[in-house]
Amino acid sequence: MNHLPDPDIDLAARLFETLRTQSFDGLGMTRDTYGAGEQRAHDLVQNTARELDLETRVDTSGNLYITLPGHYRDRPMRLTGSHLDSVPAGGNFDGAAGVVAGLAVLAGWHMAGYRPETDVTVMAIRAEESTWFPYSYLGSKAAFGLVDASVLDLPRADTRQTLREHLATLSIDPAAFGRAALHPTGIDRFVELHIEQGPTLVEADIPVGIVTGIRGSFRYRDMRWIGEYAHSGAVNRRYRRDAVRAAALWMTALDKTWADLEAAGEDLVVTVGQLSTNPAQHAFSKVAGELDCCIDVRSISIPLLERFDQLLRDHALETARTTSTEVHFGPKTGSQPALMDTKLIAQLTAMASARTIPALTMPSGAGHDAAVFAQQGIPTAMIFVRNQNGSHNPHEAMDLSDFAVATQLLSDILAADHAAI
C-alpha cells in the first residue's frame, strides 16, 4: 500500500480548528443533534467536499455522503465515516475525527489523481449521541430504514421539542424521515475511525487500536423511587419510607453483583449516571420522598445483559419491599452488541505491521454507529486513535500525529483489493 497517496492531514487540521471555533460553547464543544451545532458541522464538511470537486448528497434523514468515484461504479462501495454531533460541552474529536479522516483520505487521493477500484464514500452520520434523543444510533438506523414513525415524537432532552419539530427547523421533511438510503448489498465494507474514549491506548503507549467488538447495552433513563416525605428527627428508622436510602441500598447490591460477575471473568460495566431529589421539596431536615435516577449497563454478551437486567429488577423490587418504597423503572432502551469482521481485523493488523505502526487489538466499551453496519451483515471494522483525558468532556486531547498514522491505516483498508478481504 506504500504507493497510495498520503491523506491530506493539513486539511484535517484546518477542519478540526474550524469545528472547534464554531462549536465552542464557553466550556466545551456542543454540536446538538438535529440542531444548529450539528448542522453547522455538516455544512462545513459538505462545503469542503464541494470545493474538492467530490460528489455529495444528503438522504431524507439528513445524513451526508461524500463520494470519490471509482473505476467500477456498479460494484458495492467502500464506506467510512462517523458522527458529527457531540454531547453538551463535549470534546472536539469524538465522532468528528472519523468524518475528517475519511475526507482527508479522499482529498489526498483526489489531489494526486488516484482513482480507487470502486466508489469510496464518507458518511457524516446524524444523531449518534443519544443524550439528545432517547434512541441509540438514530441517524445510522434511519439510513437503513430501521426506524418507524414513532421516533418523530421523541422529545429532545434540552428543548423538549419533538424530533419532528427539530427536523422542520432544518427543512428536513418529517414525512420522509427514515426512508432507506443504504442497502447492505451495496456496501463492500464499513470502516469507522474514532478516538478511544478510555485510557487503554494511553496507558499502553500505543497510538492505534484495532477493535474486535462493540458492547451492547440496556438503559433505564427514567427510574423513580417513591417514598414519603417526613421529619428527619421525628421518624425512626422502622417507620421511614426513604427514597434516597432505598436507591443507595439498591446500588450497593448492584455493585456487589457486578464485582462478583467481573471476578468470574464476565464482560460488564454498570453506571448510575444521574441521581436527583426534588429541589422544590428536599431539605436537610427532611426524609426524601422521591428520587430520580438512570442506569446504563453494557456488555459484549447478550445473555449476560438479559441476566443482569433480571438481577437489577429483582434487587430493586426486593429493596422496595424492605424499605416500604416503590420503584418505577420507566421505558427500557438499548442496543445490541456487535462483532467486527475477523478478516478486516487481520488485514488491518497486517497493514499496521507493514507500516511499523504499533497497534493494539481491543474491544470497544462505548457504542458506535459501526454496530449498526455490523448488525446488517456488512463487513465492519473500527480503528481507534489514542486520546488523552477520555471523552464526553472538553479535554479530549488526540494528537494529530496519532490521527495521521490511524488515517493512513484507514486509507490502506479502503483501497485494499477485494480479493484480500
Side-chain angles (χ1 to χ4, degrees), residues 4-23 29 31 37-59 62-70 77-86 91-116 118-126 128 139-140 143 182 187 189-195 368-370 373 381-385 396 398-415:
L4 277 176
D6 292 333
D8 189 346
I9 301 303
D10 289 339
L11 172 66
R14 294 194 298 272
L15 286 171
F16 283 134
E17 185 54 37
T18 304
L19 284 168
R20 182 184 302 279
T21 300
Q22 71 181 24
S23 304
M29 311 304 142
R31 296 190 278 267
E38 184 187 55
Q39 188 59 51
R40 280 193 297 269
H42 274 251
D43 290 343
L44 170 65
V45 171
Q46 185 173 37
N47 290 336
T48 301
R50 286 173 173 168
E51 291 169 2
L52 294 167
D53 294 323
L54 298 170
E55 294 181 0
T56 68
R57 69 181 178 94
V58 178
D59 70 20
N63 297 300
L64 169 65
Y65 306 86
I66 299 163
T67 299
L68 178 63
M77 65 178 167
R78 304 161 188 176
L79 188 62
T80 187
S82 192
H83 60 99
L84 285 173
D85 61 336
S86 75
N92 197 39
F93 304 115
D94 179 0
V99 179
V100 171
L103 192 54
V105 169
L106 296 195
W109 289 1
H110 182 59
M111 287 188 295
Y114 174 79
R115 190 175 183 185
T118 67
D119 286 5
V120 177
T121 297
V122 179
M123 182 179 178
I125 305 170
R126 293 278 188 172
E128 192 267 357
S140 50
L182 295 175
I187 303 171
R189 73 204 73 161
F190 176 75
V191 185
E192 181 173 5
L193 181 146
H194 202 283
I195 58 169
H368 302 283
D369 287 302
F373 290 83
M382 283 199 74
I383 301 168
F384 272 171
V385 187
E396 293 173 1
M398 180 193 74
D399 191 278
L400 200 62
S401 63
D402 291 341
F403 172 81
V405 296
T407 302
Q408 186 62 70
L409 281 182
L410 177 66
S411 176
D412 290 349
I413 198 68
L414 290 175

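We're numbering straight along the sequence, starting at 1. Keep in mind the model is a prediction, meaning the values are calculated, not measured.
Residues satisfying the ring-ring contact (aromatic ring centres under 6.0 Å, His included) criterion with Y65, sequence neighbours excluded, are absent altogether. Residues satisfying the salt bridge (Lys or Arg N to Asp or Glu O under 4.0 Å) criterion with D402, sequence neighbours excluded, are R386. Take R31 and apply the salt bridge (Lys or Arg N to Asp or Glu O under 4.0 Å) test, not counting sequence neighbours, and it matches no residue. Remark: E17 pairs with no residue by the salt bridge (Lys or Arg N to Asp or Glu O under 4.0 Å) rule, at least two apart or across chains.
Within the 4.5 Å cutoff, side-chain heavy atoms of L44 are placed close to those of L19. Taking 4.5 Å as the limit, some side-chain heavy atom of E128 sits within range of a side-chain heavy atom of D85. Counting heavy atoms from C-beta on, the side chains of Q408 and P7 come closer than 4.5 Å. No side-chain heavy atom of V100 sits less than 4.5 Å from a side-chain heavy atom of T407. For the pair L52/L11, a side-chain contact is recorded, criterion being any heavy-atom separation below 4.5 Å from C-beta on.
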Walk me through it: do H368 and F384 pass the test ring-ring contact (aromatic ring centres under 6.0 Å, His included)? CA-CA 11 Å; H368 302 283; F384 272 171; 5.8 Å; yes
Residues R78, T118; criterion side chain to side chain donor-acceptor pair (under 3.5 Å); working and verdict: CA-CA 7 Å; R78 304 161 188 176; T118 67; 3.2 Å; yes
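Screening residues 97-107 for side-chain hydrogen bond (donor to acceptor under 3.5 Å, both in side chains) gives no qualifying pairs among residues at least two apart or on separate chains. Among residues at least two apart or in separate chains, side-chain hydrogen bond (donor to acceptor under 3.5 Å, both in side chains) pairs with a member in residues 94-111 are H83-D94, D94-H194, D94-Q197, D94-S391, D94-H392, W109-S411.
When all heavy atoms of F373 and M123 are compared, the closest pair comes out as CZ-SD, 3.9 Å. Scanning both residues, F403 and A12, for their nearest heavy atoms gives CE2-CB, 3.6 Å. Here the shortest heavy-atom pairing between E38 and I125 reads OE2-O, 4.4 Å. When all heavy atoms of D369 and E192 are compared, the closest pair comes out as N-OE1, 3.7 Å. Shortest non-hydrogen contact noted between V385 and A406 is CG2-CB, 3.6 Å. Minimum heavy-atom separation, T56 to L64: CB-CD1, 4.4 Å.
The structure places CG of L182 at 9.0 Å from OG1 of T121, a figure rounded to the nearest 0.5 Å. Rounded to the nearest 0.5 Å, atoms CG (D412) and CG (L4) are 6.0 Å apart.
A donor-acceptor contact under 3.5 angstrom links the side chains of Q39 and R126, judged on distance only.
At distances below 3.5 Å, at least one donor-acceptor pair connects side-chain atoms of N47 with backbone N or O atoms of D43.
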